[in-house]
Amino acid sequence: MRDTINIDGRNIPFEDGQTIIEAATAAGVYIPHLCHKPGYSPHGSCKLCTVNVNGRNCSACTFPAASGQTVLNNRRDLTEDRQRLTQMLFVEGNHFCPSCEKSGNCQLQAVAYALHMLDNHFPHFYPQREIDASHPEILLERNRCIFCNLCVRASQEKDGKNVFAISGRGINKHLIVNSASGYLKDSDIEIDDQAVHVCPTGAILIKRTGYQIPIGQRIYDHQTISEAALQQECADGE
Amino acid sequence: MYEYLETAEQPENLKRVAVDPVSRVEGHGKVSLLLDENNNIKQVRLHIVEFRGFEKFIQGRPYWELPVLVQRLCGICPVSHHLAAAKAIDQLVGIDPATLPVSADKLRRLLHFGQVLQSHALHFFHLASPDLLYGFESDIGKRNILAVLGDYPDIGLQGVKLRKYGQEVIRMVSGKRIHGSGAVAGGMNKALSRAERDYLLEDIAQIINWAEAAVALVKKVHTSNPSYYDNFATIRSNYLGLIKPSGALELYHGGIRVKNERGETLIDQFDYCHYTDIIHEEVRSWSYMKFPFLTSLGTDMGWYRVGPLARINNCDFIDTPLAESARMDFKQHADEAIVHSTLAFHWARMIELLHCAESIRLLLNDPDIMGAELLAKGERRFEGIGVIEAPRGALFHHYQVDENDIVTKANLIVSTTSNNMGMNESVRQVAAEYLSGRELTEPLLNNLEVAIRAYDPCLSCATHAVGKMPLQVELLDAAGRQIDHLTRHSNGKFERANQ
Ligand code: SF4
Ligand code: FES
């Protein structure tokens with residue numbers, strides 16, 4: 001018999017070394033997440049994947065699956081916590097979905113829909129953040145960065161470069177570019193780098209391509225983020 | 001004509017009346033009157049709080065966001081801003097109207113006709129028809145769309161359905177009824193599918209019939225009391241708008257034509273990319289909104305009106321048959337080359353509504369709207385100017401970008417700004433001709449609003465609840481102390497506080 005964990009009453013097999021979120025995804029169970037991406041080292045920063053394991057809350061994207069775990073995932077209290085966390089992400093940055101070119105393809109927006117977030121709840125911070133439009137092909141719109149660290153990991157782990165880093169704390173936290181001038185144009189980033197395509201929000205964009213996908217044909221126009229995530233991540237895992 | 005009422009000679013001893021806000025107009029406006037003891041009007045000003053911050057707000061944004069960002073300017077005609085901005089950023093990617101792919105051009109026109117149709121229907125049926133059907137000094141309880149729906153159910157319902165149809169056109173082309181996408185630099189992001197085309201075709205015959213009925217209705221209202229309709233709020237002015245190369249009515253793209261009050265053409269087929277050579281804007285200390293004027297005529301004589309009346313006056317013909325015959329009918333009504341009647345805006349608006357409906361049918365039957373070639377690109381530029389005939393008149397969008405694609409400068413002239421002087425003059429005319437010397441009552445004050453409403457001004461982004469115009473009339477003595485005070489609350493109740 002294979003080892004299993006139990007998520008919301010369902011026994012789910014896992015393999016040695018898998019995290020809870022990996023085991024769940026392989027079994028078709030969606031756990032909300034933003035900073036986790038299959039094939040990337042875990043980061044554990046957004047806390048959206050918080051589940052309750054044997055009575056304790058922990059991050060499903062970093063916590064290893066182990067035999068006999070009883071995991072609570074799809075629970076009202078957890079959904080409420082995740083909603084609050086998402087609301088914080090919205091007010092900490094400057095996210096204006098109606099005019100954003102990532103709208104419909106944005107994981108932050110899609111997660112907010114999935115969690116039935118109807119307002120921001122918290123007052124807006126309206127932080128001052130700089131746009132870096134210096135690169136001829138790539139736009140860095142820091143207003144929409146949620147510090148998931150995926151671009152940092154992508155650059156290091158996938159592209160063999162070191163273009164991005166997160167610097168500062170609290171309200172002053174910001175994404176920095178590793179180049180002499182601090183501008184993207186002077187870094188060694190290239191348009192085909194994974195780091196350019198990994199951003200879950202509209203913070204790293206290919207210039208001059210916005211709004212070209214019509215409404216109705218964008219990723220989350222026809223599927224929820226849980227459907228998209230399970231589909232995509234199963235495909236990635238193959 | 002009525003400029004003498006812009007500034008009173010001795011404002012100290014005059015009563016101040018503020019009509020604030022102007023109801024059933026999109027946004028916020030305020031009319032202030034100064035009266036002497038005999039209720040003679042000494043000063044009339046229409047103040048409009050315009051949201052100029054927008055030009056600052058879009059600075060620093062990447063240019064491709066503009067068509068979507070600027071839709072936020074206005075809750076009623078977002079598509080006009082969307083298209084004007086798209087035309088401007090076309091130029092940034094090296095595309096001019098002549099090099100825009102045919103399918104993209106036709107889809108944009110379809111989108112625009114849908115927009116003008118819904119906006120004109122909204123204005124006429126929801127905002128203006130209560131005045132026209134019940135009279136301008138009618139009971140306030142009647143002056144709203146609900147009363148119209150009760151007393152004239154067919155007309156009211158047709159208005160609602162005409163508007164809905166326009167919104168459906170917008171939804172099919174841009175993905176959403178409001179704030180869709182659609183136009184992008186150099187083209188469009190999608191064509192119409194066969195199913196979408198067929199869906200819109202289903203109702204178009206009915207829509208054209210209703211549009212014809214709307215023209216007949218407004219004509220009947222106008223001609224049943226011609227002396228009133230021809231004279232109320234009427235002022236003589238210049239008219240400015242886009243025109244087709246053939247001289248036909250044009251809403252999406254053309255050169256600028258200007259006619260003077262005698263109907264003489266002063267400017268024709270002028271490339272709008274050089275608009276700053278012919279139009280300047282004057283700032284007046286008492287108004288937030290600027291006063292545009294034709295530089296060749298100067299500030300006093302150079303103001304002009306835009307919108308449906310300007311367009312119908314300016315064009316030589318309309319290239320759809322039903323609207324053209326309605327136009328001929330309209331022209332016959334006037335005994336001179338130009339129709340100056342401000343209330344004729346309503347009539348002209350319905351002729352355009354009919355033209356939109358006919359044009360939508362033509363486009364829906366044109367296979368190009370289902371074409372595959374939607375995007376084009378040329379050599380990049382750093383300045384773009386887009387002008388379109390929005391429902392309320394010529395709308396100018398002008399942008400400069402840097403080498404990183406970021407907007408560095410923006411200038412917009414919205415239709416309502418172009419009509420600023422016209423609206424002020426009309427309000428003064430009404431005050432001088434109809435109010436002066438009479439005791440002020442609510443129905444009389446409504447007359448002022450009727451004059452403004454004829455222009456369908458889009459004063460900001462919010463619609464007002466109908467029939468809820470709070471009014472305050474204050475009578476002040478020479479020392480500025482209040483000696484009489486009349487308030488009308490939003491529930492229609494009057495209250496007088498004699499002290
Ligand atoms: S730029 Fe995007 S990928 Fe990088 S940290 Fe910010 S949100 Fe994450
Ligand atoms: S997905 Fe686990 S902490 Fe972000």
Side-chain angles (χ1 to χ4, degrees), chain A residues 94-106 109 113 124 126-144 177 179 181-187 189 191 196 199 201-222, chain B residues 54 57-73 75 78 81-82 85-86 89-90 92-94 104 107 111 170-193 195-196 374-375 377 380 401-408:
Chain A
N94 295 308
H95 301 276
F96 305 111
C97 297
S99 57
C100 178
E101 63 187 278
K102 190 81 174 195
S103 193
N105 292 316
C106 173
Q109 184 191 43
Y113 275 123
H124 274 281
Y126 294 122
Q128 295 273 342
R129 295 195 194 156
E130 219 184 300
I131 293 185
D132 180 347
S134 64
H135 194 280
E137 306 294 338
I138 302 160
L139 178 74
L140 178 55
E141 205 335 354
R142 290 189 175 86
N143 287 297
R144 305 177 187 139
V177 172
S179 74
S181 64
Y183 285 107
L184 217 46
K185 71 170 162 51
D186 297 320
S187 74
I189 199 163
I191 189 163
V196 177
C199 182
T201 73
I204 302 177
L205 297 160
I206 310 292
K207 279 185 166 184
R208 300 177 293 275
T209 58
Y211 314 100
Q212 291 192 350
I213 305 175
I215 294 170
Q217 294 172 31
R218 303 169 306 181
I219 299 171
Y220 303 112
D221 283 336
H222 45 85
Chain B
F54 208 81
F57 169 70
I58 48 189
Q59 277 170 30
R61 300 307 309 170
Y63 73 76
W64 54 89
E65 285 187 355
L66 287 169
V68 174
L69 276 180
V70 295
Q71 299 193 79
R72 304 269 128 200
L73 270 168
H81 288 291
H82 179 69
I89 69 168
D90 282 349
L92 302 179
V93 299
L107 284 160
L111 178 62
I170 295 171
R171 188 166 72 87
M172 291 299 125
V173 181
S174 76
K176 279 164 95 179
R177 263 192 338 177
I178 47 162
H179 302 142
S181 52
V184 291
M188 292 290 288
N189 68 13
K190 93 181 214 331
L192 227 58
S193 70
E196 288 166 335
L374 297 170
L375 271 179
K377 213 165 138 185
R380 66 168 306 187
V401 297
D402 65 15
E403 69 283 0
N404 293 330
D405 305 311
I406 297 297
V407 177
T408 52

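A, B, ... follow the sequence lines: proteins, then strands. Residue 1 opens every chain.
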Looking at CD of A/Q212 and CG of B/L374, how far apart are the two atoms once the value is rounded to the nearest 0.5 Å?
10.5 Å

At a 4.5 Å cut-off on heavy atoms, which part of A/D132 comes close to chain B: side chain, backbone, both, or neither?
neither

Looking at CD1 of A/I131 and CZ of B/R61, how far apart are the two atoms once the value is rounded to the nearest 0.5 Å?
4.0 Å

Would one find more than 12 heavy atoms of other residues, nucleotides or ligands at under 6.0 Å from atom CD of B/Q59?
yes

Does CZ belonging to B/R177 count more than 12 external heavy atoms closer than 6.0 Å?
no

So which part of A/K185 gets closer than 4.5 Å to some heavy atom of chain B, the side chain, the backbone, both or neither?
neither

Contact class of A/L205 relative to chain B, heavy atoms under 4.5 angstrom:
neither

Spacing of OG belonging to A/S134 relative to CG belonging to B/D405, to within rounding of 0.5 Å
11.0 Å

Checking side-chain contact (heavy atoms from CB on, under 4.5 Å) for the pair B/N404/A/Y183: CA distance, chi angles, key distance, verdict?
CA-CA 12 Å; B/N404 293 330; A/Y183 285 107; over 6 Å; no

Does A/Q217 reach the side chain of B/N189, with side-chain heavy atoms less than 4.5 Å apart?
no

Non-hydrogen atoms of B/V184 and A/Y211 that approach each other most closely
CG1-O, 3.4 Å

Hey, could you give me the CZ/CD1 distance between A/R208 and B/I89, rounded to the nearest 0.5 Å?
12.0 Å

For A/I215 and B/G180, which heavy atoms make the closest approach, and how far apart are they?
CD1-CA, 3.6 Å

